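Numbered from 1 within each chain, the chains take letters A, B, ... in sequence-line order. None of the values given here were measured: they were computed from a predicted structure.
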Protein chains: 2
Amino acid sequence: MGASKLDLHAEDIKTMATIAKVFAHPARIAILQYISKQESCICNDIVDEIGLSQPTISQHLQVINKAGLLKGNYKGKSICYCLNVERFQEFQAQFNHFFKTTTAKCC
Amino acid sequence: MGASKLDLHAEDIKTMATIAKVFAHPARIAILQYISKQESCICNDIVDEIGLSQPTISQHLQVINKAGLLKGNYKGKSICYCLNVERFQEFQAQFNHFFKTTTAKCC
DNA sequence: TTGTTATATTGCAATATTACGATTATACTG
DNA sequence: CAGTATAATCGTAATATTGCAATATAACAA
């Protein structure tokens with residue numbers, strides 16, 4: 001099928017998976033790293049940097065944005081995309097909690 | 001297409017995405033948490049716990065296993081799956097590094 | 001307003017993922 | 001060895017993701 005039986009899983013478990021999905025594509029990791037490095041980061045720069053087409057980058061940006069990790073302000077004709085640091089730290093906290101609470105008992 | 005242009009991205013970026021993919025499905029998160037909680041954790045228990053079919057669970061276990069996160073020993077007829085803690089901690093370290101090195105400069 | 005540049009959206013093709021029934025392999029038991 | 005229980009594999013269907021060309025929209029400049 002391809003559709004995950006979402007109702008099966010607890011809310012926090014679904015949240016973790018949703019967060020992880022954002023990071024589950026190299027282009028999105030690359031975009032996040034690039035955005036965080038640059039002082040000013042307009043979409044066209046990202047396109048040049050990553051090597052994917054403008055629509056594809058835009059699509060990945062949308063995924064990142066939907067996760068709440070993006071802030072954008074117009075800088076002239078371009079948009080300066082920036083990392084939503086607060087949200088990013090929330091994600092990190094979720095991961096840390098997941099790692100902390102997942103420790104093997106057996107073997 | 002669906003195929004990611006892998007050659008575009010740096011090795012460490014691909015690694016991050018690959019790791020994240022393991023966590024990018026609620027069933028796998030649930031499996032990992034369940035495995036870590038139980039003293040002894042046979043596959044059939046996981047099937048009962050998660051509510052997906054045996055082949056589906058087996059498929060997810062394979063994904064987790066390919067990532068190196070699984071240890072399994074036969075316990076009678078069943079297999080006791082356990083978390084490879086060392087590998088799991090490696091993953092955590094990778095995430096920590098990613099989060100640490102990705103900090104916004106602009107906005 | 002018209003033209004220009006930058007980004008978003010749409011539509012579509014290719015591939016990947018998820019899920020399960022049917023079957024096969026594996027390890028034990030009698 | 002034959003029988004049983006458990007897990008893996010195969011085949012296949014449904015859905016999701018990825019990627020891009022074409023097009024639309026948005027913001028500015030003249």
Side-chain angles (χ1 to χ4, degrees), chain A residues 1-9 13-14 17-31 34-35 38 40-67 70-82, chain B residues 1-9 13-14 17-31 34-35 38 40-67 70-82:
Chain A
M1 293 195 217
S4 69
K5 294 183 156 183
L6 281 177
D7 1 343
L8 285 178
H9 307 292
I13 286 180
K14 285 191 275 183
T18 305
I19 292 175
K21 243 181 204 173
V22 178
F23 303 131
H25 195 285
R28 289 195 287 271
I29 299 280
I31 289 172
Y34 183 72
I35 282 180
Q38 300 310 108
S40 175
C41 34
I42 61 179
C43 178
N44 237 315
D45 290 354
I46 305 176
V47 173
D48 294 343
E49 174 75 11
I50 314 282
L52 292 166
S53 75
Q54 181 267 320
T56 302
I57 295 292
S58 190
Q59 212 170 323
H60 282 302
L61 280 169
Q62 204 179 39
V63 174
I64 298 172
N65 187 44
K66 268 184 187 162
L70 231 49
K71 285 185 196 170
N73 338 47
Y74 267 93
K75 274 257 165 76
K77 292 174 206 165
S78 327
I79 296 178
C80 171
Y81 289 110
C82 298
Chain B
M1 291 195 213
S4 68
K5 295 183 156 184
L6 281 177
D7 1 344
L8 285 177
H9 308 292
I13 287 179
K14 285 190 275 183
T18 305
I19 292 176
K21 241 180 205 173
V22 179
F23 303 130
H25 194 285
R28 289 195 288 270
I29 300 280
I31 289 172
Y34 183 73
I35 283 180
Q38 301 310 109
S40 176
C41 33
I42 62 180
C43 179
N44 237 314
D45 290 354
I46 305 176
V47 172
D48 294 344
E49 174 76 11
I50 314 282
L52 292 166
S53 74
Q54 180 268 317
T56 303
I57 295 293
S58 191
Q59 212 170 322
H60 283 301
L61 280 170
Q62 203 179 40
V63 174
I64 298 172
N65 186 43
K66 267 184 188 162
L70 229 50
K71 285 186 196 170
N73 339 45
Y74 268 94
K75 274 254 166 77
K77 291 175 206 166
S78 325
I79 296 179
C80 170
Y81 289 108
C82 297

What residues, two or more places apart in sequence or in another chain, satisfy side chain to side chain contact (heavy atoms under 4.5 Å, CB included) together with [X]?
{"X": "A:Ile79", "value": "A:Tyr74, A:Tyr81"}
{"X": "B:Ser58", "value": "B:Gln54"}
{"X": "A:Gln59", "value": "none"}

Test of understanding: with side chain to side chain donor-acceptor pair (under 3.5 Å), list the residues that count as partners of B:Thr56, not counting sequence neighbours.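 Counting only residues at least two positions away or on another chain, B:Thr56 forms a side chain to side chain donor-acceptor pair (under 3.5 Å) with B:Ser53.
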If you compare all heavy atoms of B:Val47 against all heavy atoms of B:Leu52, which two are closest, and at what distance to 0.1 Å?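 Nearest pair, atom of B:Val47 first, then B:Leu52: CG1-O, 3.3 Å.
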Which heavy atom of A:Val22 sits nearest to which heavy atom of A:Ala67, and what is that distance?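 Smallest heavy-atom distance, with atoms named: CG2-CB, 3.6 Å.
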[X] has an atom [atom1]; how far is it from atom [atom2] of [N], in whole Å?
{"X": "B:Lys66", "N": "D:dT9", "atom1": "NZ", "atom2": "C1'", "result": "12 Å"}
{"X": "B:Arg28", "N": "C:dT18", "atom1": "CZ", "atom2": "C1'", "result": "9 Å"}
{"X": "B:Leu52", "N": "C:dT18", "atom1": "CG", "atom2": "P", "result": "11 Å"}

Can a side chain N or O of [X] be found less than 4.0 Å away from OP1 or OP2 on [N]?
{"X": "B:His60", "N": "C:dA19", "answer": "yes"}
{"X": "B:Lys21", "N": "C:dT17", "answer": "yes"}
{"X": "B:His25", "N": "D:dA16", "answer": "no"}

Could you list, one pair per line, each protein nitrogen or oxygen that sits under 3.5 Å from a nitrogen or oxygen of nucleotides 4-10 of chain C, together with the distance?
| unit_1 | atom_1 | unit_2 | atom_2 | d |
| --- | --- | --- | --- | --- |
| C:dT7 | OP1 | A:Cys43 | N | 2.9 |
| C:dT7 | OP1 | A:Ile79 | N | 3.2 |
| C:dT7 | OP2 | A:Asn44 | N | 2.8 |
| C:dT7 | O3' | A:Tyr81 | OH | 3.0 |
| C:dA8 | OP1 | A:Tyr81 | OH | 2.3 |
| C:dA8 | OP2 | A:Ser58 | OG | 3.0 |
| C:dA8 | OP2 | A:Tyr81 | OH | 3.0 |
| C:dA8 | N7 | A:Gln54 | NE2 | 2.7 |
| C:dA8 | N6 | A:Gln54 | OE1 | 3.0 |
| C:dT9 | OP2 | A:Gln62 | NE2 | 3.0 |

